[in-house]
Amino acid sequence: MKTDYSFAEEIIQKARQKGIDLVEVYLIDSRNLSVEVKDGKVEGHEEAEVFGYGIRIIKDGRLGFSYSTSRDQWESSLRKAMECSEFASVDEDLTLPEPQGYYHRVEVFDPAINSLDGSGLLKHAMELEGSAFKVDQRIKKTRKASISTTVSRKTIVNSLGIDITYDSTSCIAHIMVVAEDAQEAQSAWEFGGGRFLKDISFSEIGRRAAEKALSLLGSKRISSRKSAILMEPSVAVDFLGLFAHSFSAEEVLKGKSLLAGRIGQRVLSPLINITDNALLPGRLGTRPVDAEGVNSRVNQLVIGGVLQGYLHNTYTARRTSSRSTGNAVRGSYRELPLVGVSNLYISPSEGTIPLSFRELINADKEMLYVLDVMGMHTANPVTGDFSVGVSGLWIERGEVLFPVKEAMIAGNILDLFNSVIALGDDLRFYGSMGSPHILLRDIDISG
């Protein structure tokens, strides 16, 4: 991988010669490696190198965009971006960000991940799967045990002075296991990921998946009732993911956010803070700048249940007379920047004492400990309405009585998060979102 400033600057100079004052070049050069194992054998192995760049221009308030994977075709790509702008509508809020004079120093590159080859990754994948099988002989098979790594260099240069290149690494592990006993089978998954190899315990990921699947053996249905619910962190993250949509200023402008016009109002339980923090050490969403080159920052979105603001990129900030929160994101060099999260997570508000797991399961005389949720893709992020299947463990007076299957909960995400009565002390991230255990009161459960 090499620094691409000179390449980007050549494009910008050529654009200026053609009378374009606002031009941006976004480049990605990455190496991706993945291994999947099943029953102690290699199921899949893939190595790929990706290079590409996108050219964004703004001329007379009109947007043009093009991309390419060939360094030799940049003039053609620039010409295509200019041609696109000729057919675009005028939007006076279109602009590019200016440099802020400094960049945060965040550690996002791990030499250990950079030096991993296929055999090294295979060793970790075998450890991931093997640790699940070691838990109990009833763990009969894995449906998937995979590890993937990415080593990338991103370069962002624009005609207003943004000029940054940074290297980053990531490693993601995922496993789904199956526990069998007599005629019954139960599956469970686990996930782990981060910027640094040392922060990921493949054996722990496999063990957690196995223990979760085993705990669900012997599941039975329960009658409909109103009860407390304790959400495992991965389940809480599923619901946070549904809610994340509403923090985007882009969705607010489209009229598709539950939180439109509610800044300064209490929208959630006063026990809850929600933060988007691109500067957290080692997390997958950590970065020195966003996808436009704007400095990363900590954004307190909800404090004590009260909405503080929305997430912005450069465009939404200008359109709403705000400032960018450093939340421009791109799925690839083929895409224009949208608004998205970095590391979004739930935590206890000031004065709220987080509880241990043992304290949480003893906090109410009975509760459903939800370990998995099904059908979250059917929830409506615009209205916040959901109806999902859940499975887990029925707990009374702090003791697990039996596992539960085929239960359902339905409602609205705002009502759900307003029902929170306690939070755990065990923040855990799944991808770019995190949460501790969360205890909720008086939730309607359909059996």
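Remember, it's a predicted structure, so these values are computed and weren't measured experimentally. Side chains included, hydrogens not; waters and symmetry mates left out as well; all remaining heavy atoms used.
- Under the 3.5 Å distance criterion, the side-chain polar atoms of Asp238 are left unmatched by any main-chain donor or acceptor of Gly241.
- The two residues Leu371 and Ser215 have their closest heavy-atom pair at CD1-OG, 3.5 Å.
- Formation of a donor-acceptor pair under 3.5 Å by the Ser168 side chain with backbone atoms of Val108 is not found in this model.
- To the nearest 0.5 Å, atom OG1 of residue Thr316 and atom CG of residue Asp93 are 10.0 Å apart.
- The two residues Val178 and Ala185 come nearest to each other via the heavy atoms CG1-CB, 4.1 Å.
- For Arg56 (side chain) and Gly64 (main-chain N/O), no donor-acceptor pair under 3.5 Å exists by modelled atom type.
- Residues in residues 106-163 take part in these ring-ring contact (aromatic ring centres under 6.0 Å, His included) pairs, two or more places apart or across chains: His124-Phe202.
- Between Glu180 and Lys140, no side-chain nitrogen of the basic residue sits less than 4.0 Å from a carboxylate oxygen of the acidic one, so the salt-bridge criterion is not met.
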Query raised in the report: Where do Asn299 and Arg297 land on the side chain to side chain donor-acceptor pair (under 3.5 Å) test, with the steps shown first?
Result: CA-CA 6 Å; Asn299 296 299; Arg297 54 182 277 190; 2.8 Å; yes

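- Side-chain atoms of Glu184 come within 3.5 Å of backbone N or O of Gly218 as a donor-acceptor pair.
- Side-chain atoms of Asn343 do not come within 3.5 Å of backbone N or O of Met433 as any donor-acceptor pair.
- Aromatic ring centroids of Phe191 and Phe429 lie 6.0 Å or more apart.
- A salt bridge links Lys212 with Glu190: the distance from a Lys NZ or Arg NE/NH1/NH2 to an Asp or Glu carboxylate oxygen falls below 4.0 Å.
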Query raised in the report: Is there a side chain to side chain donor-acceptor pair (under 3.5 Å) between Ser70 and Asp72 once you walk through the steps?
Result: CA-CA 5 Å; Ser70 172; Asp72 298 331; 4.5 Å; no

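- A salt bridge (Lys or Arg N to Asp or Glu O under 4.0 Å) with Arg330 is found for exactly one of Glu24, Glu335, Glu292, namely Glu24.
- Because its NZ or CZ atom is both nearer than 6.0 Å to the ring centre of Phe51 and within 45° of the ring axis, Arg71 counts as a cation-pi partner of that residue.
- Considering all non-hydrogen atoms of both residues, Phe247 and Gly309 come closest at CD2-O, 4.4 Å.
- With respect to Asp29 and Arg153, no salt bridge is recorded, no charged nitrogen being found less than 4.0 Å from a carboxylate O.
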Query - Derivation and outcome, side chain to side chain contact (heavy atoms under 4.5 Å, CB included), residues Thr314 and Leu96 - result: CA-CA 7 Å; Thr314 299; Leu96 297 176; 6.0 Å; no

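- For the pair Tyr315/Asp91, a side-chain contact is recorded, criterion being any heavy-atom separation below 4.5 Å from C-beta on.
- Taking the six-membered ring wherever Trp is involved, the centroid distance between the rings of Phe239 and Phe386 falls below 6.0 Å.
- Atom CD of residue Glu46 and atom CG of residue Asn32 lie 8.0 Å apart, to the nearest 0.5 angstrom.
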Requested in this report: List the steps, then state whether side chain to side chain contact (heavy atoms under 4.5 Å, CB included) holds for Glu232 with His437.
Outcome: CA-CA 5 Å; Glu232 198 263 352; His437 277 84; 4.0 Å; yes

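- Between His45 atom NE2 and Leu122 atom CG the span is 8.0 Å, to the nearest 0.5 Å.
- Of the possible polar contacts, none joining the Ser248 side chain to the His245 backbone as a donor-acceptor pair under 3.5 Å is found.
- Within the cation-pi definition used here (under 6.0 Å to the ring centroid, within 45° of the axis), Lys14 does not qualify as a partner of Trp74.
- Atoms CD1 and OG1, on Ile172 and Thr150 in that order, are 7.0 Å from each other to the nearest 0.5 Å.
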Report task. Would you check, one step at a time, whether the test side chain to side chain donor-acceptor pair (under 3.5 Å) holds for Arg428 with Tyr430? Result -> CA-CA 7 Å; Arg428 185 182 300 164; Tyr430 288 82; 3.2 Å; yes

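- One distance of note links NZ of Lys59 with CG of Leu94; it measures 15.0 Å at 0.5 Å rounding.
- Between the side chain of Ser170 and the main chain of Arg195, no donor-acceptor pair closer than 3.5 Å is present.
- Put simply, the side chain of Arg208 never gets that close to the backbone of Ala132: no donor and acceptor are under 3.5 Å apart.
- Atom NZ of Lys123 has 12 or fewer heavy atoms from other residues, nucleotides or ligands within 6.0 Å.
- Environment of CD in Glu47: crowded, with over 12 heavy atoms of neighbouring residues, nucleotides or ligands closer than 6.0 Å.
- With hydrogens and angles disregarded, a donor-acceptor distance shorter than 3.5 Å links the side chain of Gln100 to the backbone of Asn295.
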Query - Derivation of the side chain to side chain contact (heavy atoms under 4.5 Å, CB included) call for Phe7 and Val157 - result: CA-CA 10 Å; Phe7 173 71; Val157 182; over 6 Å; no

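- None of Val237, Ile409, Val388 except one satisfies the side chain to side chain contact (heavy atoms under 4.5 Å, CB included) rule with Val373; the exception is Val388.
- Across all non-hydrogen atoms, the minimal contact from Thr352 to Leu423 is CG2-CD1, 4.5 Å.
- The residues Asp39 and Lys41 are annotated as not salt-bridged, no charged nitrogen and carboxylate oxygen being separated by less than 4.0 angstrom.
- Taking each heavy atom of Ser342 and Gly285 in turn, the nearest pair found is CB-O, 3.5 Å.
- More than 12 heavy atoms of other residues, nucleotides or ligands sit less than 6.0 Å from atom OH of Tyr166.
- Inspection of the Ser356 and Glu359 side chains reveals an N or O donor paired with an N or O acceptor under 3.5 Å.
- In this view, Thr320 and Ser322 satisfy the side-chain hydrogen bond (donor to acceptor under 3.5 Å, both in side chains) rule, not counting sequence neighbours.
- Here the side chain of Asn380 pairs no donor or acceptor atom with the backbone of Gly384 at under 3.5 angstrom.
- For the residue pair Asn327/Asp290, the side-chain donor-acceptor check at 3.5 Å is not satisfied.
- Between Leu279 and Asn277 the shortest heavy-atom distance is N-OD1, 2.8 Å.
- We find that Glu211 and Arg207 are joined by a salt bridge, their nearest charged nitrogen and carboxylate oxygen being less than 4.0 Å apart.
- Counted within 6.0 Å of CD on Glu49, heavy atoms from surrounding residues, nucleotides or ligands total 12 or fewer; the atom is thus considered open.
- Applying the 6.0 Å contact sphere to CZ of Arg323 captures no more than 12 heavy atoms from other residues, nucleotides or ligands.
- Between Phe357 and Tyr369, the two ring planes are tilted [angle within 30° to 60°].
- Here OG of Ser68 is found 8.0 Å from CD1 of Ile55. Values are rounded to the nearest 0.5 Å.
- The number of heavy-atom neighbours closer than 6.0 Å to CG of Asp21, taken from other residues, nucleotides and ligands shown, is 12 or below.
- Side-chain contact, Thr155 with Thr165: a donor N or O sits under 3.5 Å from an acceptor N or O.
- Classified by interplanar angle (parallel below 30°, tilted 30° to 60°, perpendicular above 60°), the ring pair Tyr67/Phe65 is tilted.
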Requested in this report: For Leu301 and Thr275, run side chain to side chain contact (heavy atoms under 4.5 Å, CB included): C-alpha distance rounded to whole Å, both residues' side-chain angles, the deciding distance at 0.1 Å, then the answer.
Outcome: CA-CA 5 Å; Leu301 298 173; Thr275 306; over 6 Å; no

